[in-house]
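Report on one structure; see the data block that follows.
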Number of protein chains: 2
Amino acid sequence: MRRTRPPDSDKPADKAIAKAATRPVVSPRVTIRDVARAAGVSLGTASRALNRSGPVSEAALQAVERAARELAYAPDPIAQSLRTGTSGVVGLLVSDLANPLYARIITAVEMRLQREGYAMVVGNTHNSNAREDMMVELFRRRRVDGLILGPCEVERPDHLRQLARDLPVVALDRDFGDEGAGVHVDHFGGARDATQYLLDLGHTRIALMTSDGALRPGRERINGYRHALAGRGVTVDDTLVRSSRSAMDFSFSDALALLSAPDRPTAFVCLGTRILSGVLQAMKQTGLRVPHDVSLICVGDGDLPQLYSPAITAVSWDLEAVGTAAAEVLMGAIGGSGTAATATEAADTAASATIDPRARREIRLTTHVIVRESCAPPPARA
Amino acid sequence: MRRTRPPDSDKPADKAIAKAATRPVVSPRVTIRDVARAAGVSLGTASRALNRSGPVSEAALQAVERAARELAYAPDPIAQSLRTGTSGVVGLLVSDLANPLYARIITAVEMRLQREGYAMVVGNTHNSNAREDMMVELFRRRRVDGLILGPCEVERPDHLRQLARDLPVVALDRDFGDEGAGVHVDHFGGARDATQYLLDLGHTRIALMTSDGALRPGRERINGYRHALAGRGVTVDDTLVRSSRSAMDFSFSDALALLSAPDRPTAFVCLGTRILSGVLQAMKQTGLRVPHDVSLICVGDGDLPQLYSPAITAVSWDLEAVGTAAAEVLMGAIGGSGTAATATEAADTAASATIDPRARREIRLTTHVIVRESCAPPPARA
DNA sequence: CTGAAAGCGCTAACAA
DNA sequence: TTGTTAGCGCTTTCAG
């Protein structure tokens with residue numbers, strides 16, 4: 001058996017199918033042909049009856065339906081896909097499926113999609129644009145009817161716009177261009193409110209710890225923080241704004257440094273529970289106490305802030321709503337008579353004027369702060 | 001437009017595809033036909049060359065590969081599926097995608113699957129057998145090449161065995177019959193070790209809080225607990241073993257009751273972080289302290305036990321390994337020249353003797369306890 | 001209103 | 001070794 005290394009078709013996608021192909025098919029399916037025969041009509045009529053896609057006499061309709069029922073006929077999605085170019089599948093890509101935030105969003109998306117009969121394929125980008133592009137390509141090959149994309153590595157609004165041009169795309173907390181749709185959480189407002197709450201308590205040295213200043217959520221939050229400070233005439237001390245790419249590890253050491261400094265902050269705004277973890281550990285290590293010595297507020301709620309002792313005040317938003325909204329916007333875009341996909345040759349041409357209003361939809365969700373036990377007025381100055 | 005209500009084809013699956021079908025197809029794909037033409041060979045030869053599925057002359061091979069490369073040809077998975085009856089997709093069903101445990105397992109599965117070129121469709125059973133059956137049916141229609149199934153509602157080993165008969169199935173922490181495969185975590189050992197650790201510390205009144213006695217994990221854990229107690233000659237006080245279906249809500253009130261009783265337990269084994277939450281809240285409410293007044297140990301590690309203060313001792317196992325193992329076992333079963341699927345008419349007939357050894361594989365993973373700060377000797381008796 | 005027929009893109013017989 | 005052909009199951013013209 002000659003076995004020169006497969007050169008091109010060795011891409012994983014092909015491997016999978018080739019490998020699986022060795023398994024024989026299961027049981028002889030009931031096809032639409034069987035239904036047609038049983039109903040005594042032609043194949044075309046059966047199809048039209050089943051799909052209500054053309055004129056069918058009442059008699060034929062009844063017969064076909066009865067036959068379908070009796071034979072327990074179920075259409076073959078694969079065959080339908082081949083013919084129609086659509087799949088009844090939507091793809092969802094996030095940086096980390098295991099992130100509880102995404103996990104909850106995904107659950108909501110799945111639930112909504114399931115109700116509508118769509119299946120959901122998921123993928124992990126590991127926060128890499130390259131991986132994202134690869135997965136998107138794979139999904140497109142599989143003819144997904146739409147895509148939901150979470151934040152990834154850096155913003156690429158034009159890239160996203162380009163993609164949205166021939167496939168319904170819903171962005172989660174991502175900037176996108178004129179085309180496409182997305183659901184945005186008001187991180188700006190969340191960070192602003194959190195900071196304001198702290199200011200009201202009398203804090204002025206408020207540290208902000210964020211992980212990803214490059215992405216929309218991080219950016220918006222930093223802006224909200226600055227906005228609140230500016231609103232009270234407090235000048236921003238940039239040494240108090242720490243942002244990095246990796247979460248927990250950095251937040252611990254950064255918080256430690258901050259807390260050990262002579263003029264240490266009296267409050268922390270932590271953007272995410274992983275960062276909260278790091279700060280909490282730093283607190284533990286330095287022997288400082290919450291909220292007596294320093295106040296803490298966490299942007300993004302979860303088990304940890306809720307159950308920690310003292311319970312941590314948090315900025316919260318409805319994750320299920322994010323997922324549901326994403327699913328709904330996407331289905332709107334798919335259902336909407338797909339202006340999105342008329343294969344114009346010159347892809348760089350300016351967008352046509354006939355954009356379906358539904359294809360350009362943004363949903364904005366608000367945040368609110370849940371006051372718990374982790375914030376108090378700052379300790380009297382030494 | 002006459003519009004008698006769709007009677008049978010109104011099942012969600014059909015709805016999705018029908019709806020999506022209104023969108024036009026994207027761009028004219030490069031087909032294998034184009035490749036063949038460009039390479040100056042016939043369609044069949046191109047196919048054989050691309051798949052190494054038959055004799056091809058070196059010259060033809062080169063030409064085809066070059067053509068494929070230049071045209072950036074990518075095979076259409078849908079068409080391949082229709083022809084071969086396989087899809088390069090595997091389905092994964094768990095009771096709750098948002099459960100951090102599953103979320104991490106899923107991530108690992110996805111990573112492994114992705115490497116092999118498989119896509120993953122996921123679904124939520126919400127712990128309902130009916131939903132599980134429905135989703136399985138949906139997935140099968142879509143011709144998934146295999147299934148990974150998490151625990152759900154109640155054990156149905158025969159049902160699972162039946163299913164595994166014509167589709168590769170990997171069970172996660174579920175009992176399964178003679179056919180099929182699965183990965184099992186040693187929950188028995190975990191609970192036993194945890195209990196023993198507590199016994200060693202001097203505890204005898206150890207409460208066990210579990211959520212799902214009906215499923216394998218819960219059952220095994222209860223057994224492990226009993227085993228450890230029996231090994232030390234401690235008689236089991238059944239009032240100390242609390243099990244229920246719903247997690248957090250019940251665990252709070254149950255723990256509260258237990259803690260308020262005159263002869264209260266000096267230690268708790270909490271099966272899962274959600275239950276830990278409830279117990280923690282009950283502790284807070286009663287003013288009891290960890291580990292001074294009562295010791296705590298959590299089966300199943302996570303953010304909460306790790307970061308709580310005091311940090312909670314936990315029984316841990318490698319979730320990534322669970323996922324990876326599941327993916328690998330499944331791929332073994334799929335790749336294995338599929339003895340699983342020879343459509344024998346009488347499905348109830350005894351299994352044939354020709355079961356591929358790979359098709360019957362079980363992977364067993366061990367647990368270990370991570371000692372932290374939540375356990376101490378019991379307080380001196382009043 | 002209905003039936004016949006043409007494919008969607010691919011693989012797998014079967015002849016040559 | 002190769003080219004031709006027959007479908008996989010379905011939707012959708014296009015004539016009747």
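The sequence lines fix the lettering, A, B, ..., with proteins before strands; numbering per chain opens at 1. Just the heavy atoms: all of them, side chains too, but no hydrogens, waters or symmetry mates, feed the values below.
- The CG atom of B/Asp34 sits 11 Å away from the P atom of C/dC8 (whole-angstrom rounding).
- Salt-bridge check for A/Arg52 with A/Glu65: passed, with a basic side-chain N closer than 4.0 Å to an acidic carboxylate O.
- The nearest whole Å value for the distance from the CD atom in B/Glu58 to the P atom in D/dT2 is 10 Å.
- Look at CG on A/Leu50: it is 15 Å from C1' on D/dT12, rounded to the nearest Å.
- Side chain of A/Asp145 to backbone of A/Val90: no donor-acceptor contact under 3.5 angstrom is found.
- Annotation for A/Ala60 and A/Thr45: closest pair CB-CG2, 4.2 Å, computed over non-hydrogen atoms.
- Taking a cutoff of 4.0 Å between a charged side-chain nitrogen and a carboxylate oxygen, A/Arg142 and B/Asp76 do not qualify as a salt bridge.
- Residue B/Val41 is the one, among B/Val41 and A/Ser53, whose nearest nucleotide of DNA chain D lies closer to the 5' end (criterion: closest heavy atom).
- A donor-acceptor contact closer than 3.5 angstrom is absent between the side chains of B/Ser128 and B/Thr125.
- Listed pair A/Thr84 / D/dC10 fails the phosphate criterion, with no side-chain N or O lying under 4.0 Å from OP1 or OP2.
- Not a single donor-acceptor pair under 3.5 Å links the side chain of B/Ser47 to the backbone N or O of B/Leu43.
- Listed nucleotides: C/dA13, C/dG9, C/dC1. Nearest to the side chain of A/Pro55: C/dC1.
- For B/Asp34 and B/Arg37, the salt-bridge test passes: some basic side-chain N is under 4.0 Å from an acidic carboxylate O.
- What separates CG of B/Asn51 from C1' of C/dA12 is a distance of 11 Å, to the nearest Å.
- Nucleotide D/dC8 holds its C1' atom 13 Å from the CD1 atom of B/Ile78, rounded to whole Å.
- Among C/dC8, D/dC10, D/dT12, the nucleotide with an atom closest to any side-chain atom of A/Leu82 is C/dC8.
- As judged by a 4.0 angstrom heavy-atom cut-off over every strand, A/Thr31 is placed among residues touching the sugar-phosphate backbone only.
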Check nucleotides 5-7 of chain D for protein N or O atoms closer than 3.5 Å to its own N or O atoms and list the pairs.
unit_1	atom_1	unit_2	atom_2	d
D/dG7	N2	B/Arg83	NE	3.3
D/dG7	N2	B/Arg83	NH1	2.8

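- Phosphate proximity of D/dT2 to B/Thr45: absent, as no side-chain N or O sits under 4.0 Å from OP1 or OP2.
- Among C/dC1, D/dT2, D/dC8, the nucleotide with an atom closest to any side-chain atom of A/Ser57 is C/dC1.
- OP1 or OP2 of C/dG3 lies within a sub-4.0 Å distance of a side-chain N or O belonging to A/Ser42.
- Of the candidate nucleotides C/dC10, C/dG9, D/dT2, C/dG9 has the atom nearest to the side chain of A/Arg143.
- Here D/dC10 is the nucleotide among D/dT2, C/dC10, D/dC10 with the atom lying nearest to any side-chain atom of A/Pro75.
- Although no hydrogens or angles enter the test, the distance criterion places no donor-acceptor pair under 3.5 Å between the side chain of B/Asn51 and the main chain of B/Arg48.
- Listed candidates were D/dT2, C/dC10, D/dC10. Nearest to the side chain of B/Ala60 is D/dT2.
- Remark: P of D/dT1 and CZ of B/Arg52 are 14 Å apart, rounded to the nearest angstrom.
- One can place CZ of A/Arg48 at 8 Å from C1' of C/dC1, the figure rounded to the nearest angstrom.
- To the nearest angstrom, P of D/dG9 lies 12 Å from CD1 of A/Ile32.
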